[in-house]
Amino acid sequence: MALADLTVSADNDGPWVAGGTGTYTLSVSADLAHAQSDKLVTLTHTLPMGLTPTAADGDGWSCAISGHRVVCLSSRTVAPGQSYPPVTVTVQVGRHVTGSTESITALSVAGTEANTTNNTFASAVHIDPATR
């Protein structure tokens, strides 16, 4: 039985400003050289202290926020070489948070996957001090 191979990545619209808001875009793609993905996919985005998720949404994804973690589920079938619709995560930046910070995005697939070494992605963003 052929297995799917999914890859996760994350991008953001930084740099951000302390006390402001920011957005992450989470992406999951199916490798062209492997089978289609038709299993339940769990996408977890973990934010550091000082960044609080306020919304998470993506077509075909069911998302929930708990503390500094966003968990989204999809059971959509995706053909090799195609991508799941992106998930957008909006965050509130703490008023005293500055410098570089990093969030971690991970995915897991129900059952077996061809390659799990591409299932975690670190996304760095710079936060500037608030101007008065």
Side-chain angles (χ1 to χ4, degrees):
M1 179 174 161
L3 299 175
D5 179 28
L6 301 180
T7 300
V8 66
S9 64
D11 198 8
N12 61 67
D13 63 353
W16 299 338
V17 175
T21 60
T23 303
Y24 287 99
T25 302
L26 314 180
S27 303
V28 178
S29 58
D31 187 272
L32 184 60
H34 291 82
Q36 75 178 14
S37 174
D38 58 4
K39 308 275 191 239
L40 177 65
V41 173
T42 303
L43 187 60
T44 304
H45 187 66
T46 305
L47 298 164
M49 295 302 291
L51 299 182
T52 304
T54 58
D57 188 25
D59 184 34
W61 292 94
S62 172
C63 297
I65 297 171
S66 178
H68 292 273
R69 180 172 287 176
V70 175
V71 177
C72 299
L73 305 172
S74 179
S75 56
R76 178 182 293 237
T77 298
V78 175
Q82 300 296 309
S83 295
Y84 288 78
V87 172
T88 302
V89 177
T90 305
V91 300
Q92 178 65 46
V93 180
R95 295 191 49 75
H96 302 291
V97 178
T98 59
S100 291
T101 188
E102 188 173 84
S103 66
I104 304 295
T105 307
L107 76 90
S108 62
V109 179
T112 306
E113 188 183 5
N115 176 12
T116 59
T117 63
N118 53 10
N119 289 5
T120 304
F121 190 88
S123 178
V125 64
H126 185 78
I127 301 169
D128 293 325
T131 55
R132 302 218 178 245

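All values derive from a computational prediction rather than experimental measurement.
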On a heavy-atom basis, the closest approach of H68 and P48 is ND1-O, 3.5 Å
Taken to the nearest 0.5 Å, the spacing of H45 NE2 from T25 OG1 works out to 9.5 Å
In short, disulfide bond (SG atoms under 2.5 Å apart) pairs touching residues 69-116 with sequence neighbours left out are C63-C72
* Are side-chain heavy atoms of S74 and S62 found at a separation under 4.5 Å? -> no
The side-chain hydrogen bond (donor to acceptor under 3.5 Å, both in side chains) partners of S9 (sequence neighbours excluded) come to none
Sorted by chain and number, sequence neighbours left out, side-chain hydrogen bond (donor to acceptor under 3.5 Å, both in side chains) with T116 holds for none
With sequence neighbours left out, the residues meeting side chain to side chain contact (heavy atoms under 4.5 Å, CB included) with A18 are T98, I127, A130
Residues 87-110 vs ring pair (Phe, Tyr, Trp, His ring centres under 6.0 Å), sequence neighbours excluded, gives none
Taking every heavy atom of V8 against every heavy atom of L107, the minimum-distance pair comes out as CB-CD2, 3.3 Å
Residue set satisfying side-chain hydrogen bond (donor to acceptor under 3.5 Å, both in side chains) with S27, at least two apart, ordered chain then number -> none
Residue pairs passing the disulfide bond (SG atoms under 2.5 Å apart) test with at least one member in residues 101-131, sequence neighbours excluded, are none
Applying side-chain hydrogen bond (donor to acceptor under 3.5 Å, both in side chains) to D38 and not counting sequence neighbours gives none
Requested in this report: Would you check if P85 and R76 make a side-chain contact, meaning some heavy-atom pair closer than 4.5 Å?
Outcome: yes
Closest non-hydrogen atoms of P80 and A35, given as atom of the first, atom of the second and distance, are CG-C, 3.7 Å
Q) Would I65 end up clustered with V87 when hydrophobic side chains under 4.5 Å apart are linked, directly or stepwise? A) yes
R69 versus L47: any side-chain heavy-atom pair under 4.5 Å?
no
Sequence neighbours excluded, the answer for side chain to side chain contact (heavy atoms under 4.5 Å, CB included) partners of T120 is I104, A106
If you define the side chain from C-beta out and look only at heavy atoms, does anything of N119 sit under 4.5 Å from E113? yes
- pair V125-Y24: side-chain heavy atoms closer than 4.5 Å: yes
Report task. Run the numbers on L73 and L40 for side chain to side chain contact (heavy atoms under 4.5 Å, CB included), then give the verdict. Result -> CA-CA 7 Å; L73 305 172; L40 177 65; 4.1 Å; yes
Rounding to 0.5 Å, atoms CD (Q92) and CG (L51) come to a distance of 9.5 Å
Inset, instruction - State whether the number of non-hydrogen atoms from other residues, nucleotides or ligands found under 6.0 Å of N115 atom CG is greater than 12. - result: yes
For S108, the side chain to side chain contact (heavy atoms under 4.5 Å, CB included) test, sequence neighbours excluded, returns T42
Applying side chain to side chain contact (heavy atoms under 4.5 Å, CB included) to T23 and not counting sequence neighbours gives D13, T88, T90
Note: L26 and A10 closest approach over all heavy atoms is CD2-CB, 3.7 Å
Across all chains, not counting sequence neighbours, the ring pair (Phe, Tyr, Trp, His ring centres under 6.0 Å) partners of Y84 are W61
Minimum side-chain heavy-atom gap T131-V17 below 4.5 Å: no
message: Applying a strict under-4.5 Å side-chain criterion to I, L, V, M, F, W and Y, I'd like to know whether L3 and V41 cluster together.
response: no
